[in-house]
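Each chain gets a letter, A, B and so on, in the order the sequences are listed, and its residues count up from 1.
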Amino acid sequence: MNPQRIGVYVCWCGSNIAKIVDVEKVARVMARIPGVEVSREYKYMCSDPGQELIMKDIKELGLDRVVVASCSPRMHEPTFRKTLKLAGLNPYMLEMANIREHVSWVHENQELATAKAINLTRAAVHRVMVHAPLVQHEVPVNRATMVLGGGITGMTAALRIAGQGRKVYLVERSDELGGRAIGVGRAGPHMNSVAALLDNLTTRVNDSAYIDVLTGTVVGEVSGFVGNFLVRLANGTRELTVGAIVVATGTQPFDAKKLHRSGYGRFPNVVTSTQFEEMAASGRFTTESGKAPRRVAIIHCVGSRDSETHSYCSRTCCMDALRFSNILRDALPDAAIYQAYSDMRAFGRDAEEFYARTAERDVTFLLFDKLLPPTVSEAPAGDPYPLLVTMDEIATGIAIEVPADLVVLMVAREACSDAKDVAKLVSISVDKDGFFIEKHPKLDPAATTTDGIYIAGSCQGPKDIPDCMSQAGATAARVLAAITMGKVKVPATTATVNEDLCVGCQTCISVCPYGAVIYLDKHRVSRVEEVICKGCGTCAAACPAGTISPRHFTDNQVLQQLEGLLAAEEG
Amino acid sequence: MSRRLDPTLPARLREMGLMDNSKCFNCGHCTAVCQLTEEGFAYPRQDIRMLQMGLGDALTERVEPWLCYYCGDCTKSCPRDANPAEQMMALRRYLTAAYDWTGLAWKFYTSKAWEIGVLLGLALIVVGLFVVPHLLHPGQIQWEPLDGGVAVSSFAAVSWVHLGDMVMLGLLSFLLLSNIFRMGRRILGAARVPIPITLYLSEAWHLVTHFATQRRFGKCNDKEAYWVVHLMLMSGYAIMFLLVIVFLSSLQTDVGLNWTTLPGYFATFALLYASAYFLRGRWQKSAEVNRYSTFSDWLFPALLFATSLTGILMHIFRYYLTWPAGTYVMYVIHMAIVVPMLMVEVPFSKWSHLAYRPFAIYFANIRSKALQAAQKTQPGSLGVPPAVSNALEV
C-alpha cells in the first residue's frame with residue numbers, strides 16, 4: 001500500500017468548539033498518527049481562507065485524503081467535498097468528525113470533551129485511510145409527467161406543469177374530473193363557489209395542448225426510476241413513459257356506520273356531511289317525513305380525533321360545519337341549529353372571523369370532551385322530535401339531551417381504501433393512517449423518499465382547498481426543477497452486489513424499501529439499480545452471503561472507524 | 001338525569017328585555033373579575049352559558065342570579081362586549097316570572113299594556129271604593145275644618161281603611177309567599193337529598209338580617225352608596241309598613257300632629273330620596289347598572305316617587321293649609337297610586353327582588369348544609385362535587 005498522505009484540519013468554529021475542546025491538542029495528537037502528513041487547527045475551516053488552507057496543503061504537500069474535525073457533516077460535508085474537488089482530489093476522499101454537535105455543544109468538562117474529540121477525529125483518520133474514490137453518474141430525464149388523480153390538486157399541478165410547456169398525463173380513475181369537490185356548493189370562510197372553481201379548472205385542463213386527460217383509467221404497473229418511468233395502464237392498451245409522477249389521489253369520507261353511537265344507518269334523519277352537501281346543492285332541506293327540519297344538530301369529529309377510529313384531526317370539518325350552519329340559517333330562519341364540537345379549529349385566515357359571524361346567527365355551540373362524544377338515539381314515543389342527541393356538555397358540566405329532527409355527522413376524511421396499493425405501485429410509504437409520507441415534513445414536503453415520485457394534496461393528510469392548491473403548486477415547481485435540466489444526478493454511495501459470490505436467494509429484493517434491487521434470471525444473481533438505490537444499506541445487512549456492500553459504508557470502512565475510535569491513546 | 005335543551009329560551013328572555021346574547025363565548029372573564037362569586041357559587045359565566053343553551057328548567061334551580069348585585073364590573077371588562085351583568089338582570093326577570101304561578105309576572109314583564117292596564121284598573125277600583133259609598137250615602141263628609149283640623153275620618157273611616165290594609169296584606173303575603181315557596185321547592189329540590197327540618201330554623205337569621213340590611217350590596221365594588229340607598233329604602237318601607245298596618249289609628253287622626261309624625265317624616269324622606277336617586281340614575285345612565293333600564297325598571301321608582309309626593313301634599317293640605325277638599329282629593333290620588341303599585345310590584349315585579357335575594361341566600365345555605373350533612377352520613381355516595389356543598393359566605 002502506498003504511504004498515505006492525510007491532512008487533518010481541526011476547526012474552532014469561533015468559540016463554539018474552541019471554548020470546550022482544546023483544539024490545539026487535538027491537532028497535536030493527530031499529527032502523531034502514521035500517515036498524517038499535516039495536522040492544523042484554524043478559527044473557521046469553512047471560511048474561504050480555511051478552505052484555501054486545505055487546497056494549498058493538498059497541492060503543496062501532495063495530500064491524498066482529508067479529515068475535517070468540525071461541525072455535523074449535514075452542515076458542511078458538501079462544502080469540503082467541493083474543496084477537495086477544486087484541489088483536484090476525489091470528493092469522497094474526505095471524512096468529517098463532528099466535534100461541535102457531538103462534543104462542544106453537549107459537554108461541559110473540557111478535559112473529557114477534548115478526549116472525546118480526539119477519539120472521534122482519530123476514528124475519522126482511520127476511516128479515511130480506506131476510503132475509495134467514487135463517481136457520481138448522471139442519467140437523462142424524460143420530461144413528461146404523470147399526475148395520478150384528477151381532483152382539484154391533480155388538475156392544479158397538471159396545469160402548472162403544462163404551463164411551462166411540459167407534457168402531462170392526467171390519470172383519473174372515475175369518468176369525470178373534479179374528485180371529492182364535485183357536489184360541494186361553496187367553500188368557507190368566504191363562501192366562494194366550488195362549482196365555479198371546478199368549472200374553471202376542468203375547462204383549462206381540457207383546453208390545454210400539453211395535458212392528456214385519461215379519465216376512467218387505472219394504472220396497472222409502474223417500473224423504472226427517476227427520469228425514466230414506464231407506466232402500464234390497467235386496460236393494457238397503452239404504456240406511458242414519464243420522468244416524474246405526482247400522486248394526488250385525495251381522501252375518502254369515513255363510513256359513519258362503523259360508529260354505532262352516530263346512529264347512521266339506523267335512523268333515517270341522521271345524514272353525513274357528504275349527504276348534507278347534496279341537500280345544500282339541491283336547496284331542499286327535508287327530514288324523512290318530507291318536512292323542513294326545525295331542530296338540526298351538527299356533530300363534529302365523527303371518526304376524527306377518536307381512539308376507536310382515527311386519532312388525527314380531519315382539518316376541514318370544523319369550517320364545513322360552520323358553513324353548513326350558515327347555509328341552514330339562510331334556508332331555515334326559524335330552525336334551531338346546534339353544533340356539538342370538541343374543539344373549534346378555526347386556523348386559516350379569516351376562519352376565526354367566520355366562526356364569530358356564525359355564532360352571531362343564533363347557532364348554539366355545545367362542547368363535548370373528545371373522549372365522550374355524543375350519542376344519537378331515538379326519542380321516546382310522544383316526543384315532538386324523532387331523535388335525541390345526548391352528551392355531557394363540559395362548558396356547563398351538565399348532561400344534556402338535544403331534541404332533533406335532523407342530525408348531520410361531520411365525518412372524517414380518511415386515506416383512500418386502496419392507498420396502500422397506490423403506495424406499493426410507486427414505491428412510497430404510508431403512515432399508520434394510510435396517508436403518504438413526504439420526504440421531509442418541513443424541508444421537502446412535496447417529494448417522497450423515492451426520487452421522481454411526488455405527492456400533493458389530501459393524500460398526504462387532510463387539507464382544505466387553499467392548502468391543496470398551494471401544495472399542488474409547490475409540487476409542480478419541484479417536478480419542473482427536476483425535469484427541466486434534462487438529466488439527473490444519482491448518488492454515488494449506492495450498494496453493489498459481488499455477482500460472483502451471490503447465490504440468488506433474493507433476500508435483498510424483499511427488504512429493499514425502494515425497489516432498487518432486481519433479479520437477473522439469466523445469471524441467477526441480484527443486481528442493484530444504482531439510479532434507484534439510496535445507499536441505506538438494508539440489503540447489505542440482510543444478505544446472508546455477505547455479498548452486498550454499500551459504497552462508502554463498506555464493512556472495512558466501518559471497522560477501521562471503530563478501530564480508530566478504540567485505539568490506544570497516543571498522548 | 002339529562003336536561004333537555006329548549007331553543008326558545010333566549011327568544012323568550014328577549015321579550016323580557018334581554019339584549020343580544022350571542023356574543024358570549026364563555027371565556028369566564030366575568031366570573032374571574034366578580035367580587036361576589038365564590039367557590040360553589042360561580043357566576044355569571046355558567047348562567048349565561050345555560051341561557052344560551054336553553055336550559056331554562058335547570059336555571060330555575062339556581063340561586064346565583066340573585067347573588068349578583070349588578071356592579072357591572074363583568075360588563076366593563078368583558079372582552080366580547082357580551083354585557084354579562086345585563087344578562088344576569090334578564091335572568092332575574094325570568095326567574096321572577098318562573099316562580100310566579102299566576103302568570104301575571106310574565107305578562108307584566110313582556111307587555112307594557114298589561115302592566116299599565118292593570119295599574120289603571122286597580123286605580124279605578126280604589127277611586128270607586130272611596131267615591132261610590134259617599135254617592136250612595138251623601139252628607140257624611142266634613143267639607144269645613146272642624147276644631148281647626150281636617151276631619152279625615154269623615155271621608156275615609158279608619159276602620160274601613162284598616163280593613164282594606166288587612167285585605168291587601170293578606171293578599172300580597174299570600175301571593176309573594178306562594179311564589180317564594182315555589183322558588184324554594186326548585187332550589188332545594190336540586191339538592192336531591194332530604195332537608196333536615198331544623199335547618200329551616202337555624203338558617204332563618206340570615207333571612208332576617210339580609211332582608212333588613214341587604215348587606216351583600218356592600219361587597220360589590222363601588223356600590224356602597226347604592227347599598228346605603230337600599231338601606232334607606234328598606235327602613236322607609238319598614239316604618240311605613242308599621243305605621244299603616246299597626247298604627248293606622250294614630251297615623252290617621254283627626255287631631256293634630258302626634259308621635260307618628262317624626263318617623264313618618266323620616267320614612268317619607270327616605271322613600272322620596274331613594275326613588276329620586278334611582279330615577280336620576282336611570283336618567284343619567286352613568287353607572288353600569290343603569291345603562292339598560294327597561295320599562296319595569298323605570299315604573300317602580302316612578303310610582304314610589306309619586307306615592308311619596310302625593311303623601312306629602314296630602315299632609316301639607318291637611319295640617320298646614322287645613323284644606324279638607326284638597327286633603328280628600330289627594331288622599332284618593334295617593335291611594336290610587338300606592339295600592340296598584342304594591343299589588344303589581346310586590347309579588348310580580350321589581351319590588352320582589354328585595355324578597356327573593358335574602359330568600360336565595362337562605363335556600364342556598366339550607367341546600368349546602370343539607371348536602372354536607374348527607375355527605376357525612378353517606379360519603380361519596382351522592383356524586384355531588386364538594387364545591388356544590390360549600391356554604392355561601394354571608
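- In terms of non-hydrogen atom pairs under 4.5 Å with chain B, the most contact-rich of A:Ile337, A:Thr364, A:Asp392, A:Asp362 is A:Thr364.
- Looking at A:Asp383, only its side chain comes within 4.5 Å of chain B, counting heavy atoms on both sides.
- When atom types are taken as modelled, the side chain of A:Glu401 and the backbone of B:Arg3 share no donor-acceptor pair closer than 3.5 angstrom.
- Note that CD of A:Glu360 is 6.5 Å distant from CZ of B:Arg80, once rounded to the nearest 0.5 Å.
- Side-chain atoms of A:Arg295 never come within 3.5 Å of backbone atoms of B:Pro7 as a donor-acceptor pair (strictly under, hydrogens ignored).
- Within a 6.0 Å sphere centred on CZ of A:Arg284, heavy atoms belonging to other residues, nucleotides or ligands number 12 at most.
- When side chains are defined from C-beta on, A:Leu367 does not count as touching B:Asn26, because their heavy atoms never get closer than 4.5 Å.
- The shortest non-hydrogen separation linking A:Thr396 to B:Met53 is CG2-SD, 3.7 Å.
- The 12-atom threshold is not exceeded at NZ of B:Lys112, counting heavy atoms of other residues, nucleotides or ligands nearer than 6.0 Å.
- Here the closest non-hydrogen pair linking B:Gln46 and A:Ile398 is NE2-CD1, 4.2 Å.
- In terms of heavy-atom proximity, A:Tyr338 sits nearest to B:Asp6 at OH-C, 4.4 Å.
- A 6.0 Å sphere centred on CZ of B:Phe295 holds more than 12 heavy atoms belonging to other residues, nucleotides or ligands.
- In the displayed structure, A:Lys291 atom NZ is contacted under 6.0 Å by at most 12 heavy atoms of other residues, nucleotides or ligands.
- Open room surrounds CZ on A:Arg294; 12 or fewer heavy atoms of other groups in view lie less than 6.0 Å from it.
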